[in-house]
Amino acid sequence: MTETMQMRFNRKLPIPMEIKKQFPISEKGIRCKTERDNEIKKIFTGESDKFLLIIGPCSADSEEPVMEYVYRLARVQEEVADKIMIIPRIYTNKPRTTGKGYKGMLHQPDPEKKPDLLEGIISIRRLHTRVVEETGLTSADEMLYPENHRYISDLLSYVAVGARSSEDQIHRITGSGVGIPCGMKNPTSGDLSVMMNSVIAAQSPQMFLYRGWEVETDGNPLAHAILRGSVDRHGVNHPNYHYEDLNLVYDMYVKNGLKNMACIIDTNHSNSGKQYLEQIRIAKEVMHSRRQNDHIKQLVKGFIIESYLEDGCQKIGEGVFGKSITDPCLGWEKSRDLIYSIADQL
């Protein structure tokens, strides 16, 4: 048979088990993750009334500024621990609508150098390991590529499936077996039924092919919805965090009989029109809606907020420490004040 596929197989990469053995997490880190996973689970099941904040850079593009950011988060976490559970948003894969451009630390551990996937795998594992070992926090990442999840599955406490991926079957069914809360975003079209179908699929038992294995799962009762706004055919952003939107999602949860009613509000992306300062106002509006309606309070378990050391964004190569090289983010002072404000409203 003639081979017609136009692919170049450059090198065989280590399997996740090999990487985990080469770059292990300590016993202390394992205990820390177990304790945090249990506490986070209680938020989704309703046993805890703490509020979740998944907060951090649009893209974790460089190890040292990300670690500086997480060190600061850890200090704030101590101050608000009675009300808020902070999960550092450390997204090491960057989805690209056209497939072009910087794809995150996994592809380019140094954004100014050529892609190197082996070094990228090692870099993202090192970063997530440093977070738990050095700060006592455990992080969130996006499951942009389901096959890659196992390289860091022992380090994460939260995983999100993005708007471009939530309609994809392999993302849905992989989410059924990750063992941690898995957020399913509404697609960029805004069709909430697609998001809910993703949650249903992830909460259900599945059997599928994964990394050359026949895999079976029991379903993930911690799979849940994420509202991130939408874009219409004219390229206009439409938010979906308003009072009426939240009531609608509540009703959809009830109608579908899903476990552990939960929705996370993404305060950026199409909800803010990527106007990063709007995240502050959006968070305050949603907190107000929670106070006005017990159903919304039960539904909305937390926020995803894009935040870094410096306000805004920069081009690759400009070299401002802790400033996003992808979408603009809230700077540290504004982020810290927002966390305190949210705590005061709980």
Side-chain angles (χ1 to χ4, degrees), residues 51-61 65-66 69-70 73 84 86-97 101-102 104 139-144 158-166 183-190 192 195 224-232 235-242 245-246 249 263-290 300-314 322-339 341-342:
F51 198 71
L52 278 174
L53 285 184
I54 301 157
I55 182 169
C58 172
S59 176
D61 50 57
V66 170
Y69 177 87
V70 178
L73 268 189
I84 291 175
I86 294 176
I87 305 177
R89 173 195 158 107
I90 301 178
Y91 282 22
T92 56
N93 304 279
K94 180 64 181 172
R96 310 307 302 192
T97 303
Y102 173 68
S139 49
D141 205 336
E142 182 174 0
M143 191 168 65
L144 184 58
Y158 185 92
V159 65
V161 174
R164 300 167 182 84
S165 304
S166 60
M184 298 290 188
K185 286 193 175 185
N186 66 262
T188 53
S189 69
L192 298 184
M195 174 185 72
H224 58 278
I226 300 175
L227 294 178
R228 51 86 73 200
S230 63
V231 183
D232 67 21
V236 178
N237 291 295
H238 297 276
N240 58 11
Y241 60 84
H242 296 307
D245 300 303
L246 302 178
V249 174
C263 181
I264 303 295
I265 309 302
D266 182 340
T267 61
N268 213 11
H269 295 98
S270 290
N271 271 332
S272 69
K274 295 191 178 181
Q275 301 299 309
Y276 69 97
L277 293 174
E278 285 291 282
Q279 294 184 102
I280 299 169
R281 181 192 60 77
I282 291 166
K284 290 180 178 179
E285 178 178 326
V286 175
M287 296 303 293
H288 177 75
S289 294
R290 290 180 87 247
V300 177
K301 302 294 188 183
F303 295 134
I304 294 175
I305 297 171
E306 292 196 329
S307 157
Y308 211 178
L309 297 178
E310 300 292 338
D311 281 325
C313 62
Q314 62 182 329
K323 191 170 187 177
S324 175
I325 62 170
T326 49
D327 290 346
C329 298
L330 283 178
W332 174 249
E333 287 77 14
K334 294 182 180 70
S335 301
R336 180 193 57 206
D337 291 347
L338 178 57
I339 295 171
S341 174
I342 292 169

* Structure fact -> Taken in chain and number order and not counting sequence neighbours, the residues that satisfy ring pair (Phe, Tyr, Trp, His ring centres under 6.0 Å) with His269 are none
* Set of residues satisfying salt bridge (Lys or Arg N to Asp or Glu O under 4.0 Å) with respect to Glu142, sequence neighbours excluded -> none
* In sequence, state the C-alpha distance, the side-chain angles, and the governing distance for Leu144 and Ser165, and then conclude on side-chain contact (heavy atoms from CB on, under 4.5 Å). => CA-CA 7 Å; Leu144 184 58; Ser165 304; 4.3 Å; yes
* Tell me, please, which residues at least two apart from Tyr276 pass ring pair (Phe, Tyr, Trp, His ring centres under 6.0 Å). => none
* Hey, are Ser307 and Tyr69 close enough side-chain-wise for a donor-acceptor pair under 3.5 Å? -> yes
* **Pairing residues for Glu333 by the salt bridge (Lys or Arg N to Asp or Glu O under 4.0 Å) criterion, not counting sequence neighbours** => none
* To do: Run the numbers on Thr326 and Tyr102 for side-chain contact (heavy atoms from CB on, under 4.5 Å), then give the verdict.
  => CA-CA 8 Å; Thr326 49; Tyr102 173 68; 4.0 Å; yes
* To do: Tell me, yes or no, whether the heavy-atom count around His288 atom NE2, taken from other residues, nucleotides or ligands under 6.0 Å, exceeds 12.
  => no
* Is a side-chain donor-acceptor pair under 3.5 Å present for Asn186 with Asn240? -> yes
* Do you see a donor-acceptor pair shorter than 3.5 Å between the side chains of Thr267 and Gln279? -> yes
* Aromatic rings Phe51 and Phe303: how do their planes relate, parallel, tilted or perpendicular, breaks at 30° and 60°? -> perpendicular
* Can you tell if the side chain of Arg281 reaches within under 4.5 Å of the side chain of Ser272, non-hydrogen atoms only? -> no
* **side chain to side chain donor-acceptor pair (under 3.5 Å) partners for Gln275, two or more places apart** => none
* With sequence neighbours excluded, tell me which residues meet salt bridge (Lys or Arg N to Asp or Glu O under 4.0 Å) with Asp61. => none
